[in-house]
Q: 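Okay, handing you the structure first.
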Amino acid sequence: MTDLDELIQTVPKKDGDKIYSRFGIFKRKGRVDVVVHCEEHEQDEYVEQIAYHTDLGWWYAAGMHPRFSIVGAFKKAGQTRNEIGFHVGISSLGNRRSNDSDLRAAKAKFIVILSESKTEKDFLKMFQPSLFTDLVTPDRTHRVTMAFKEKYETKSFRPDDFFNEQSQELRRLVVRGGCPIKEVLKRMKFISKDEEGELYDMPPEPATEESERQPFVRPIRIRYLYVTCPSTGQEYLLGVPDRFSKPKEARRWTFNLPPEAEFVKEA
Amino acid sequence: MSTPQIYRQGDLGFIPIESMPKSAKPLDNRLIRKGETGGLHLLEEKKGSILYEDERGVKYVMSEDGVGILHGEHKRVDLPPGQYEVRVQRELGANGEQDVID
C-alpha cells in the first residue's frame, strides 16, 4: 500500500445515503479525516485532514485524484517550507510577489501544472525553472530560481529580467550577469548627468488594485546612479534615495560623505 | 574645516582621519575586503603600514610613509602617510541600505 493509499480511502456508499458533509470532520480509526468529492473518480473520499489541507487538497482543486505528495515532491527538490508555500500561491516570499493578484495568478498557474502532470517526475520537470536553488558567489550565497541561476551562469540576462526582478540584491546580479546596462537605461527615465555619472528613475509602475486601495502608502522609491569605473571600465547601477537630483551628490551619499568631499585619486 | 580628500578603489573609499577609535586592534593580515567577483583589496606589504579593525568590523589603514592598495582588476591606489577609515560603498535596496558588492 502506498503512502497515499493510507491517507485516502473511498467512502462506502450506502443505499439511498449521500454524504453532504464535504469538508466535515470525521474521526475514524484514531485519526481525523475530511470528506472530499473526487471529480476524477466520481466518488466521495475520506482524506486525512492535515494531509488534505497542507498537501493533497490541491489535487482535488484541480479535479484530480492525488497521484503523489506535492509537498514530498518539492522537498525532494530541496525546497524549504516557505518556498513551497510560495510555489502553490498561498504566500509571498520576502519581497517577491506581494499582492493578491500575483498570488491568485500563482495559484492558477500551479493548478495548470498539476493538471498536466502524470507523475512526480513530470511535475518537477515542468516546475524546474521556478524551483529555488543556491547561487554561490565569492561574497555570499543567494537563493534564486533555477532559471535565474542559468541566466547568471551563461551571462544571458536581458533588460526585462532587470525590470521584472523585485529584489534589489538580485537586480545587482542581473547587471553582473551580462544584462546590457545601456539597454536598461533606455527604458528608464533620465534625470540628470554630470562629470561623475548619470541619474535615472525606474519607469512608473501601472496602478494596481493594491496601490489604488492604499493611495497614501508610499513605497521606497529607488533612483539609479549610473557610473563607470575609470580603471576597469565596469559599469554600475547603484540604488540611491530619490531625493538626489545630481549624480555628484548621489555618489557622495554612497560613501556617506559630505557634498563638498573630493575624490583625489580613483581606480 | 578643509575639504575631505578621498581615495577610492572600486567600492572602497579611504577617508583620512585624525585618529582611530580606541577599540581598533591591529590585524595580522593584509586583506581589506573581498569582492563579489573574487577580487581582493589588499594592503601592500610595507614596513610601517598596518591594517586595523574596530569592534564594529570597520577597518582602518595606518601608514607612516604611505602605502599602496592593491587589487587584481583595479589599478593601484597610493595613500599618503596618515590614518584612513575604510568605508564600503553603499546603495539603497527595497529593504534599506546595503553594501555595494564590487
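Protein chains get the first letters and strands the later ones, always in sequence-line order, with residue 1 at the start of each.
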Q: Let me confirm one number: the CZ-CZ distance from A/F263 to B/F14, rounded to the nearest 0.5 Å.
A: 12.0 Å
Q: Could you tell me whether the side chain of B/I15 reaches within less than 4.5 Å of the side chain of A/L257, counting heavy atoms only?
A: yes
Q: Please name all residues satisfying salt bridge (charged side-chain N to carboxylate O under 4.0 Å, His left out) with B/D54, sequence neighbours left out, ordered by chain then number.
A: B/R56
Q: Would the number of heavy atoms belonging to other residues, nucleotides or ligands and lying under 6.0 Å from CD of A/E150 be above 12?
A: no
Q: Any side-chain heavy atom of B/L92 within less than 4.5 Å of one from A/V240?
A: no
Q: Taking everything shown except B/K46 itself, do over 12 heavy atoms lie less than 6.0 Å from its NZ?
A: yes
Q: Do A/W253 and B/R90 come close enough that some side-chain heavy atom pair is under 4.5 Å?
A: yes
Q: Looking at A/R81, I'd like to know if its CZ atom is crowded, meaning that more than 12 non-hydrogen atoms belonging to other residues, nucleotides or ligands lie closer than 6.0 Å.
A: no
Q: Side-chain contact, heavy-atom cut-off 4.5 Å: A/P230 with B/R8?
A: yes
Q: Going by atom type alone, with no hydrogens or angles, which donor-acceptor pairs under 3.5 Å involve a side-chain atom of residues 61-70 of chain B and a protein atom two or more places apart or on another chain?
A:
from, atom 1, to, atom 2, distance (Å)
B/S63, OG, B/S49, OG, 3.0
B/S63, OG, B/G66, N, 2.9
B/S63, OG, B/G66, O, 3.1

Q: Are side-chain heavy atoms of A/E262 and B/P4 found at a separation under 4.5 Å?
A: no
Q: Evaluate whether atom CG of B/L40 has more than 12 neighbouring non-hydrogen atoms of other residues, nucleotides or ligands under 6.0 angstrom away.
A: yes
Q: Nearest heavy-atom pair of B/T3 and A/A261: which atoms, and what distance?
A: CG2-CA, 4.2 Å
Q: Checking side-chain hydrogen bond (donor to acceptor under 3.5 Å, both in side chains) for the pair A/T254/B/Q89: CA distance, chi angles, key distance, verdict?
A: CA-CA 5 Å; A/T254 66; B/Q89 192 172 29; 3.0 Å; yes
Q: Look at the side chain of B/E91 and the backbone N and O of A/G239, then say whether any donor-acceptor pair between them is shorter than 3.5 Å.
A: yes
Q: With a 4.5 Å limit on heavy-atom distance, are the side chains of A/V264 and B/Y7 in contact?
A: yes
Q: In this structure, are over 12 heavy atoms from other groups packed under 6.0 Å from A/K155 atom NZ?
A: yes
Q: May I ask you to test the A/K265-B/Q9 pair for a side-chain heavy-atom distance under 4.5 Å?
A: no
Q: Looking at B/E18, I'd like to know if its CD atom is crowded, meaning that more than 12 non-hydrogen atoms belonging to other residues, nucleotides or ligands lie closer than 6.0 Å.
A: no
